[in-house]
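The next block holds one structure in the form of structure tokens; read it before the comments.
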Amino acid sequence: MTKEIRLRKVPDELFVHLEMMSEKFQYPNLADFLLSQLYRIVENDGLDLYDNKFAEILADIKEQQANILELLLKNEIKLLASSAKQDIVEELTIDWLRFMDDVNALAAEREAGGR
């Protein structure tokens, strides 16, 4: 079932502009153009960006991006801390190996000198 909507008191300037838009977007007539705009309003659940679901989705995406950025920053900090710890372990291991070489060399000297 369909209903009819009649508009009154449409200013000439607005009417001409709407007709030009319907031609620009290649609608067969002004009525089809206006009907498509009514469908769009219903689909978006509002007339503008701030009154429709699209705006809600964009706000959710923005919030998720902020959370992702925060998590990435935390991950970067953890990676830098792990890298610093790894550098310390590497330095300590090298120092230990040098010490062990010195101990082995000292033991070898004692052995050689003791004979």
Side-chain angles (χ1 to χ4, degrees):
M1 180 180 215
T2 61
K3 299 288 181 185
E4 184 176 315
I5 298 175
R6 292 180 187 231
L7 297 175
R8 297 182 186 171
K9 298 182 182 180
V10 177
D12 289 338
E13 183 180 305
L14 177 61
F15 184 80
V16 169
H17 191 70
L18 288 170
E19 279 190 323
M20 287 173 35
M21 288 177 68
S22 71
E23 290 173 9
K24 176 182 175 182
F25 295 110
Q26 300 177 354
Y27 284 90
N29 53 50
L30 180 60
D32 286 344
F33 171 70
L34 292 174
L35 187 59
S36 75
Q37 295 308 303
L38 291 174
Y39 274 117
R40 228 178 246 174
I41 291 168
V42 170
E43 287 173 359
N44 291 333
D45 197 26
L47 294 172
D48 61 23
L49 182 65
Y50 298 104
D51 291 336
N52 63 34
K53 291 180 183 177
F54 181 65
E56 292 174 22
I57 292 170
L58 285 179
D60 288 344
I61 290 172
K62 186 175 179 181
E63 185 179 331
Q64 289 173 0
Q65 286 177 332
N67 289 340
I68 289 170
L69 181 60
E70 182 181 341
L71 292 173
L72 284 172
L73 287 172
K74 287 180 180 179
N75 194 32
E76 182 70 23
I77 291 169
K78 287 179 183 178
L79 285 173
L80 289 172
S82 295
S83 179
K85 288 178 184 177
Q86 188 175 8
D87 289 344
I88 291 170
V89 169
E90 178 184 357
E91 186 178 330
L92 289 172
T93 303
I94 289 171
D95 288 346
W96 175 255
L97 290 173
R98 285 184 185 143
F99 173 75
M100 291 305 295
D101 282 344
D102 289 345
V103 168
N104 290 338
L106 184 60
E109 281 181 27
R110 284 186 185 159
E111 258 184 47
R115 287 189 186 179

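Only heavy atoms go into these numbers, but all of them, side chains included; no hydrogens, no water, no symmetry mates.
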Interatomic distance, I68 atom CD1 to E63 atom CD [nearest 0.5 angstrom]
11.0 Å
Mind telling me whether F25 and F33 have parallel, tilted or perpendicular rings, with 30° and 60° as the class edges?
parallel
Quick one: pull up CD in E76 and CG in L69 and give me the separation to the nearest 0.5 Å.
11.5 Å
Step through the shown structure and confirm whether more than 12 heavy atoms of other residues, nucleotides or ligands are within 6.0 Å of CG on N75.
yes
Working to the nearest 0.5 Å, report the span between CG of N104 and CZ of F99.
10.0 Å
Can you hop from F15 to L7 via hydrophobic side chains spaced under 4.5 Å?
yes
Pairwise distance CZ(R40) to OG(S36) - rounded to 0.5 angstrom:
6.0 Å
Salt bridge present between R98 and D95 (N-O < 4.0 angstrom)
yes
Hphob cluster co-occupancy, M100 + L106, side-chain heavy atoms under 4.5 angstrom:
no
Side-chain contact, heavy-atom cut-off 4.5 Å: E70 with K74?
yes
L30 and L14: same hydrophobic cluster, using ILVMFWY side-chain contacts below 4.5 Å?
yes
dist Y27:OH -> L35:CG (nearest 0.5 Å) comes out at 9.5 Å
So, the side chain of S83 versus the backbone of L80: is there a donor-acceptor pair under 3.5 Å, distance only?
no
For residues I5 and L38, determine if any side-chain heavy atom of one lies less than 4.5 Å from a side-chain heavy atom of the other.
yes
Determine whether I88 and I94 fall in the same hydrophobic cluster, where Ile, Leu, Val, Met, Phe, Trp and Tyr are linked whenever their side-chain heavy atoms lie under 4.5 Å apart.
no
Inter-residue atom distance Q26.CD - D32.CG, 0.5 Å rounding:
13.5 Å
